[in-house]
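Taking it in order: structure first as structure tokens, then the write-up.
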Amino acid sequence: MGQQFYKKILDNNKNWVNEKLASDPEFFKRLENGQQPPLLWIGCADSRVPANEIIGAPPGEVFVHRNIANMVVHTDMNMLSVLDYAVNALKIEHIIVCGHYGCGGVKAAMEHKSIGLIDNWIRHIKDVYRIHQTELEKIEDEKERWDKFVELNVVEQVFDLAETSIVQNAWKNDQKLTVHGWAYGVGTGLVNDLGVNLSNNDELDEVYKLDF
């Protein structure tokens, strides 16, 4: 089964190339010349949440960073490097933090089980639960509480993203950049725009504002 699957994905690649070339002989030549995507997507590593497919974007239009539960951790050099390149080199205009309902990382943060190394990552998600604990624990239905936690986690990550020196400096220099928060429905395919859209430093709490 393992070897069959591996052969299948190699064959799928060849079929995909042939299909693209049949409809557009210059498709890969254009991609070879570089990228200028307008969007950075920070999403969950979950295999059911493919960034490009959700928004119908072809290769070259979405710069992507994914991790467990779409977290923006200020000591994560991988995320910061992606963000810095997207904002300062690619000059992207939109950043979407996209969580998804049914997120296993968020569910794990609601529980007390030890999973292993990932416990250390999930602790960051637990911090979000602690901040919103009163609101969340008023919700008796576990599924509803889980969904709300997914949404609140996205909102917190949007603000964490806006509080980075990278984003604040871009706004200080009048760079056109907006940060958005979404929650994706795996069972429906639909995006829920959570209505948190930040586009300047005035929208940040005073304690997080940096003087450049």
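Sorted by first and then second residue, the salt bridge (Lys or Arg N to Asp or Glu O under 4.0 Å) pairs with a member in residues 119-129 read R123-D127; sequence neighbours excluded. Judged as a salt bridge (Lys or Arg N to Asp or Glu O under 4.0 Å), the pairs with a partner in residues 14-28 (not counting sequence neighbours) are, in order, D24-R30. Within the structure, every pair that satisfies the salt bridge (Lys or Arg N to Asp or Glu O under 4.0 Å) test and touches residues 97-112, not counting sequence neighbours, is listed here: K107-E111, K107-E142. For residues 187-204, the set of pairs meeting the salt bridge (Lys or Arg N to Asp or Glu O under 4.0 Å) definition, not counting sequence neighbours, is empty. Pairs passing the side chain to side chain donor-acceptor pair (under 3.5 Å) check and including a residue from residues 67-78, sequence neighbours excluded, read H65-N67.
Under a 4.5 Å side-chain heavy-atom criterion applied to ILVMFWY residues, the cluster that includes L210 comprises F212 as well. Residues V207 make up the rest of the hydrophobic cluster containing Y208, defined by ILVMFWY side-chain heavy atoms closer than 4.5 Å, directly or through other members.
Pairing each heavy atom of L40 with each of A86, the nearest pair is CD2-CB, 3.9 Å. Nearest approach of G99 to V154, heavy atoms of both residues: N-CG2, 3.5 Å. Minimum heavy-atom separation, A108 to I122: CB-CD1, 3.5 Å. Considering every non-hydrogen atom in both N153 and A69, the closest pair reads ND2-O, 3.3 Å. Nearest heavy atoms, M71 versus I42: O-CG2, 4.5 Å.
Every side chain to side chain donor-acceptor pair (under 3.5 Å) that Y101 has, sequence neighbours left out, goes to E151, N192. Among residues two or more places apart in sequence or in another chain, the side chain to side chain donor-acceptor pair (under 3.5 Å) test is passed with K7 by D11. With sequence neighbours excluded, the residues satisfying side chain to side chain donor-acceptor pair (under 3.5 Å) with K143 are D147. With sequence neighbours left out, the side chain to side chain donor-acceptor pair (under 3.5 Å) criterion links N197 to H180.
Checked by atom type and distance alone, the side chain of Q157 pairs as donor or acceptor with a backbone atom of V72 at under 3.5 Å. In this structure, the side chain of W171 engages the main chain of L177 through a donor-acceptor pair within 3.5 Å. Formation of a donor-acceptor pair under 3.5 Å by the W146 side chain with backbone atoms of C103 is found in this model. For the pair Q168 (side chain) and E163 (backbone), a donor-acceptor distance under 3.5 Å is present. Distance alone, capped at 3.5 Å, places no donor-acceptor pair between the R66 side chain and the G43 backbone.
For the pair L161/V158, no side-chain contact is recorded, criterion being any heavy-atom separation below 4.5 Å from C-beta on. A 4.5 Å side-chain heavy-atom check between V128 and F149 finds at least one atom pair inside the cut-off. The side-chain heavy atoms of Y85 and L90, taken from C-beta on, include a pair separated by under 4.5 Å.
Within a 6.0 Å sphere centred on NZ of K209, heavy atoms belonging to other residues, nucleotides or ligands number more than 12.
Side-chain heavy atoms closer than 4.5 Å link hydrophobic residues (I, L, V, M, F, W, Y) into clusters, and following such links, even through other members, never connects F63 to L31. A single hydrophobic cluster is not seen to contain both I92 and I96; linkage of ILVMFWY side chains at heavy-atom distances under 4.5 Å, directly or through other members, places them apart. Grouping the Ile, Leu, Val, Met, Phe, Trp and Tyr side chains by contacts below 4.5 angstrom, directly or via other members, places Y184 with W41. Residue V191 is grouped with residue V186 when hydrophobic side chains (ILVMFWY) are merged at heavy-atom distances under 4.5 angstrom, including chains of intermediate members. Connection of F5 to L10 is established within a shared hydrophobic cluster, with ILVMFWY side chains joined at heavy-atom distances below 4.5 Å, either directly or through further cluster members.
Taking NE2 of H132 as the reference point, atom CG of L152 lies at 5.0 Å (rounded to 0.5 Å). One distance of note links CD of E135 with OH of Y129; it measures 10.5 Å at 0.5 Å rounding. Here D160 contributes atom CG and M79 contributes atom CE; the two are 8.5 Å apart, rounded to the nearest 0.5 Å. For the atom pair CG of N201 and CD of E206, the computed distance is 10.5 Å after rounding to the nearest 0.5 Å. The CG atom of N169 lies 8.5 Å from the CD atom of Q175; values are rounded to the nearest 0.5 Å. How far OG1 of T178 is from CG of L39: 11.5 Å, rounded to the nearest 0.5 Å.
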Name the atoms and distances for all side-chain donor-acceptor pairs under 3.5 Å in residues 45-53, with sequence neighbours left out.
unit_1	atom_1	unit_2	atom_2	d
D46	OD1	R48	N	2.8
D46	OD1	R48	NE	2.9
D46	OD2	R48	NE	3.4
D46	OD2	R48	NH2	2.8
N52	ND2	A57	O	3.1
N52	ND2	P58	O	3.3

